[in-house]
Amino acid sequence: MSESESFFGDPDPIFADKELLRVSHLPEGDRIIGRDQELQKLANAIKDAQRGGTPNNVLIYGKTGTGKSLCSKYITRDLTQAAADNGIKVGVAYVDCFQESTETQTVRTIAQALNDPVQTDITVPHTGVSTSDYYRRLWDILDARLDVGLVILDEIDKLEDDNVLMQLSRAAEAGKVTESTLGVIGISNKIRYKDSLNERVKSSLSERDFVFPPYDANQLREILRSRADAFREGILDEDLIPKVAALAAKEHGDARKAIDILRYAGEIADEHGDDTVRVEYVDEAHDREEQARLSELIAKQPEHSKYLLQALSLQVQEAHDDNSAIPTKDVYSMYELVCERNGVDPLKMRRVRDLLSELAFLSLIEQERKGRGKGKGAHTVNQLVDEPEVVVEACKSA
DNA sequence: TCTCCACTGGAATCCAAGGCGG
DNA sequence: CCGCCTTGGATTCCAGTGGAGA
């Protein structure tokens, strides 16, 4: 790559089209690997929509990185086009229930995604109106500009209550919408999710359910090869893709992880000024991937949760024992210091306990209740799941 | 086995931000 | 513009818990 000197610097020596290595990159149909059956089943479930009929509601299960979101997005996009050829207007709303976990937020997001203010003359404000108002606007939007609305609820198990599912799945029969119809695609990591639903929602929501199995090493290898165009010709070490695929297959067959590791390996080669992406970079790339995933999760947390994580990390470091469990009270006093250092007012104890149990729910920390003996009552101790140094680093970058 | 009491966690309440109808 | 309503985060209040020490 040294022959093309330019005032604007050399072209990227490693990547030809890095976009291909973004996880959100939606490949063309022939490039979704090893999911032909699943795509066909999904298509069958919702195919009525392309003639304006009501699609079946679907629940999809599978571990992270098994292509659930990808296939849902792909198939709904395909359906929207096929329907448009029949003169049927299909709208797709994608909701990440991790981010929009309350009923109000979910309805609002759906309404915003399906709305076109110019066409419907309906506004969907960010705050200030009641939940039922959001519902009413959503129904109006559906009737006004669509024949079929498809709602993808990703990480559906993170929803706080299932009222929204009830409303969505029964919208048509309850006469909320008359000119249009509605289908729901729910995506869950937890295979037992269905058991937590009440009977009515369960029967209407999971008319069909599918399980996406983890990718095996062969499929992962193929997936990685299909994205190898992201790199310049011939710079990948021969054993690189098989090694990354084997690593990811061992860890739950997560394709997203595999792609991320491949990208990091490329970046490491770039930093070393190396013109080959060597197989030796894989371990470091793996570390980076784990750190990045943690940072991403921590970055999504509220400000004070980050301070709490920092406080807990500091105490664990002070204790010189990565597995030491810190009582909530001690975490709180350290947290007050962290807040002071950052120039913010600390939250009260009660609120902090809520945030801590939320962090425990996300498996960023572990909590255990302990007794303390006479006159001491019960209390909770908190433990970091990850290395304190890593957590502190993640909090800083977030 | 009983008791003690700090900590837990549910519930009520407050507050800020923001839309809506009059 | 004003009063009223909604949501969601934070605070306040308080009854209940639970396990080591007696």
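Chain A is the first sequence line, chain B the second, and so forth, proteins listed ahead of strands; every chain is numbered from 1.
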S.K.: Under 4.0 Å from OP1 or OP2 of dC20(B): is there any side-chain N or O of Arg137(A) that close?
M.R.: yes
S.K.: Going from CG on Leu42(A) to CZ on Phe212(A), what distance comes out if it is rounded to the nearest 0.5 angstrom?
M.R.: 5.0 Å
S.K.: Ring centres under 6.0 Å, that's the criterion: do His272(A) and Tyr281(A) meet it?
M.R.: yes
S.K.: Measuring from the side chain of Arg350(A) (C-beta onward, heavy atoms only), which nucleotide among dT11(C), dG10(B), dC20(B) has the closest atom?
M.R.: dG10(B)
S.K.: Checking contacts here: which listed nucleotide (dG8(C), dG19(B), dG9(B)) is nearest the side-chain heavy atoms of Thr104(A)?
M.R.: dG8(C)
S.K.: Rounding to a whole Å, what distance do you find between Glu358(A):CD and dG9(B):P?
M.R.: 14 Å
S.K.: Could you tell me the separation between the CG atom of Asp154(A) and the CD atom of Gln99(A), rounded to the nearest 0.5 Å?
M.R.: 10.5 Å
S.K.: May I have the distance from Ile122(A) (atom CD1) to dC20(B) (atom P), rounded to whole angstrom?
M.R.: 12 Å
S.K.: Separation of Asp133(A) atom CG from dC5(C) atom C1', in whole Å?
M.R.: 10 Å
S.K.: May I have the distance from Leu356(A) (atom CG) to dC7(B) (atom P), rounded to whole angstrom?
M.R.: 14 Å
S.K.: Just compare dC7(B), dT7(C), dT11(C) and give me whichever is closest to any side-chain atom of Lys329(A).
M.R.: dC7(B)
S.K.: Could you work out which one of dT8(B), dA10(C), dC20(B) sits closest to the side chain of Thr328(A)?
M.R.: dT8(B)
S.K.: Go through dA10(C), dG18(B), dC20(B) for me and flag the one nearest to the Thr127(A) side chain.
M.R.: dG18(B)
S.K.: Any carboxylate oxygen within less than 4.0 angstrom of a Lys/Arg side-chain nitrogen, looking at Asp274(A) and Arg278(A)?
M.R.: yes
S.K.: Atom CD of Gln367(A) to atom C1' of dG9(B): distance rounded to whole Å?
M.R.: 12 Å
S.K.: I need the CG-P distance between Leu355(A) and dT8(B), as an integer number of Å.
M.R.: 14 Å
S.K.: Would you mind checking if Arg192(A) and Asp195(A) are paired as a salt bridge, meaning a charged N to carboxylate O distance below 4.0 Å?
M.R.: yes
S.K.: Of all the choices, dT12(C), dA10(C), dT6(C), which nucleotide is nearest to the side chain of Arg351(A) once you look at every atom?
M.R.: dA10(C)
S.K.: Calculate the interatomic distance between Gln99(A) atom CD and dG8(C) atom P; express it in whole Å.
M.R.: 15 Å
S.K.: Quick check for you: among dT6(C), dC20(B), dT11(C), whose closest atom lies nearest to any side-chain atom of Leu347(A)?
M.R.: dT11(C)
S.K.: To the nearest Å, how far apart are Arg353(A) CZ and dG9(C) P?
M.R.: 18 Å
S.K.: Please determine whether a side-chain nitrogen or oxygen atom of Thr102(A) lies at a distance below 4.0 Å from atom OP1 or OP2 of dT7(C).
M.R.: no
